[in-house]
Number of protein chains: 2
Amino acid sequence: MNVRQKPERTRLSAEDWEDAALSLIAEQGVGALAVEALARQLGVTKGSFYWHFRTREALLQAALERWEQYGEREIISQIEAIPDPRERLPELFRRVAHELQPHRVYAALLKALDHPLVVPVMARVSKRRTEFLHTAYSEAGMEANEALNRARLTYAAYVGFLQLNFTLGLPRLNHEEFDAYVEHMIATLIPA
Amino acid sequence: MNVRQKPERTRLSAEDWEDAALSLIAEQGVGALAVEALARQLGVTKGSFYWHFRTREALLQAALERWEQYGEREIISQIEAIPDPRERLPELFRRVAHELQPHRVYAALLKALDHPLVVPVMARVSKRRTEFLHTAYSEAGMEANEALNRARLTYAAYVGFLQLNFTLGLPRLNHEEFDAYVEHMIATLIPA
DNA sequence: TTGATTCCATACGCATGAGTATGGAATGCT
DNA sequence: AGCATTCCATACTCATGCGTATGGAATCAA
């Protein structure tokens, strides 16, 4: 038995609550975000929560902002660092495909598009990513208008894949099948 | 003023509740499926509901089964009636793209993939549709393995588009832009 | 060390929504 | 017409989960 299974920090900060909220969202969805449940998970009671946050919605708001902030910064900069523009998209596809954790929150938020707080966040994030794809396709030599539609198509394929395989667990591809699928995507969506 | 604004059927059947449930799901999502709300919308009270159904879950179950039954029968048979296999996919794309109402329920159910009752239904429906795409690509002359991945990609693009444009209302394409997008999809996803 | 501030526990109130109990109205059957 | 069955209204109970009130413990500042 480990001495400190959890950090065992006797006092909590607002950020601790936000992180806990995000991981709970990733695992059980936005709907499962309840303050008493979170408190139990953190080993405290509601009394703590309502000192740090005015309401449940306030926590969700803060957690979403936090997620939007520290979201995709690294990957984008890594891809932009690749000198040859024509190599960026395949590399992006492969990198994103082998991530896992970052998708969980996004997939969960996708299922919470009813909630008025998550809609604007998802709108901004999706817009940024699509625009990133747009310029990537353009820099790879694709005509402007086609590049935009291809970016939309690509991002839609990504989002749909999350829903079908991630959340729904539909075809439950094994490793080889998944890699073959990714290469197929690259072959059909990225110009030679 | 019309004499009978609503069918004004004084007694309701279980099917009436199921249809009302489906339209409510389409408009406000599975989470909004509450019996008292439905009852108000139907002009009755809970007393009626609990005569027709044992529980709220039972209604959802029945509504889902109903939706799965009378779902996509027509479109599939229409497409299969097209003699030239190579014309089926483009026609399918255009037809589906100009539907609207059938997508609403599917999009709503996509956001309820947490719920244990909707998961198996969505799994079956998505599986059937993907298999339909698979054979369509095969019959259009595509090699078996590639046809499967292309079917997955196509269906993922469909699902993702629903989320992004339908639910999220992201780029909010106008009519011309949308048609251009559909033609772009056809050009990139369907072999010449 | 002592006061102030920060953080948390306990015990509430209160709204919502599912499910139950029971009686009454509407409809079909004979 | 009269009875049984079907359908619905009314009036509850009960669980859940948000938010509040208030006091106490921990930590910091002096």
Side-chain angles (χ1 to χ4, degrees), chain A residues 4-25 27-64 66 108 111-112 114-118, chain B residues 3-64 66 108 111-112 114-118:
Chain A
R4 39 208 305 256
Q5 313 185 354
K6 296 223 171 172
E8 205 66 43
R9 166 188 292 129
T10 40
R11 318 280 287 243
L12 296 176
S13 70
E15 285 76 20
D16 294 325
W17 285 95
E18 297 168 10
D19 288 338
L22 283 177
S23 72
L24 196 155
I25 288 174
E27 292 168 7
Q28 312 198 34
V30 176
L33 185 61
V35 341
E36 308 202 48
L38 254 191
R40 269 193 302 276
Q41 183 177 314
L42 286 174
V44 292
T45 66
K46 303 165 57 158
S48 170
F49 176 84
Y50 284 100
W51 192 90
H52 294 285
F53 298 92
R54 224 175 51 74
T55 171
R56 191 203 99 124
E57 298 278 279
L59 168 65
L60 178 56
Q61 176 98 38
L64 289 176
R66 188 174 182 77
K111 294 185 292 187
D114 326 61
H115 199 111
L117 282 182
V118 323
Chain B
V3 176
R4 40 208 304 255
Q5 313 183 356
K6 295 222 171 174
E8 205 65 42
R9 166 187 291 132
T10 40
R11 319 281 287 248
L12 297 176
S13 70
E15 286 75 21
D16 293 325
W17 284 94
E18 296 169 10
D19 287 338
L22 282 177
S23 72
L24 196 155
I25 287 174
E27 292 168 7
Q28 312 199 36
V30 176
L33 185 61
V35 340
E36 307 203 47
L38 255 190
R40 269 194 303 276
Q41 184 178 312
L42 287 174
V44 292
T45 65
K46 304 164 57 159
S48 171
F49 177 85
Y50 284 100
W51 192 90
H52 294 285
F53 298 92
R54 222 175 51 77
T55 171
R56 190 202 99 123
E57 297 278 278
L59 169 64
L60 178 56
Q61 175 97 39
L64 290 177
R66 188 174 182 78
K111 295 185 292 187
D114 324 61
H115 200 110
L117 281 183
V118 323

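Naming: A, B, ... by sequence-line order, numbering from 1 per chain.
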Rounded distance (Å) that lies between atom [atom2] of [N] and atom [atom1] of [X]:
X: B/L42; N: D/dC7; atom1: CG; atom2: C1'; answer: 14 Å
X: A/R56; N: D/dT20; atom1: CZ; atom2: C1'; answer: 18 Å
X: B/F53; N: C/dT20; atom1: CZ; atom2: C1'; answer: 18 Å
X: A/E36; N: D/dG19; atom1: CD; atom2: P; answer: 11 Å
X: B/Y50; N: C/dG19; atom1: OH; atom2: P; answer: 4 Å
X: B/W51; N: D/dT6; atom1: CH2; atom2: C1'; answer: 5 Å
X: B/R40; N: D/dT10; atom1: CZ; atom2: P; answer: 14 Å
X: B/F49; N: C/dG17; atom1: CZ; atom2: C1'; answer: 12 Å

| request: Please check the phosphate of D/dT6 (OP1 and OP2 only) for any side-chain N or O of B/H52 closer than 4.0 Å. | output: no
| Short side-chain N/O contact from A/T55 to OP1 or OP2 of D/dG19, under 4.0 Å | yes
| task | Measure the shortest side-chain to side-chain distance between B/F53 and B/V35 over non-hydrogen atoms and say whether it is less than 4.5 angstrom. | result | no
| said: I want to check something: taking the side chain as every heavy atom from C-beta on, are B/W17 and B/V44 in contact at a cut-off of under 4.5 Å? | reply: yes
| request: Could you tell me which non-hydrogen atom of A/Q41 sits nearest to which non-hydrogen atom of A/A20, and how far apart they are? | output: NE2-O, 4.5 Å
| Exam field: side chain B/D19 to backbone B/D16, donor-acceptor pair closer than 3.5 Å | no
Can you tell me how far apart [atom1] ([X]) and [atom2] ([Y]) are? Round to the nearest 0.5 Å.
X: A/E15; Y: A/L22; atom1: CD; atom2: CG; answer: 11.5 Å
X: B/H115; Y: B/E57; atom1: NE2; atom2: CD; answer: 4.0 Å
X: A/L33; Y: A/R56; atom1: CG; atom2: CZ; answer: 5.0 Å

| task | List the protein contact pattern of nucleotides 21-30 of chain C with one symbol per nucleotide (5' to 3'): B for base contact, S for sugar-phosphate-only contact, - for none; contact means a heavy-atom distance under 4.0 Å. | result | -----BS---
| query | Of A/L33 and B/K46, whose nearest nucleotide on DNA chain D comes first from the 5' end? | reply | B/K46
| note | By nearest-heavy-atom nucleotide on DNA chain C, the more 5' of B/A34 and A/G43 is A/G43
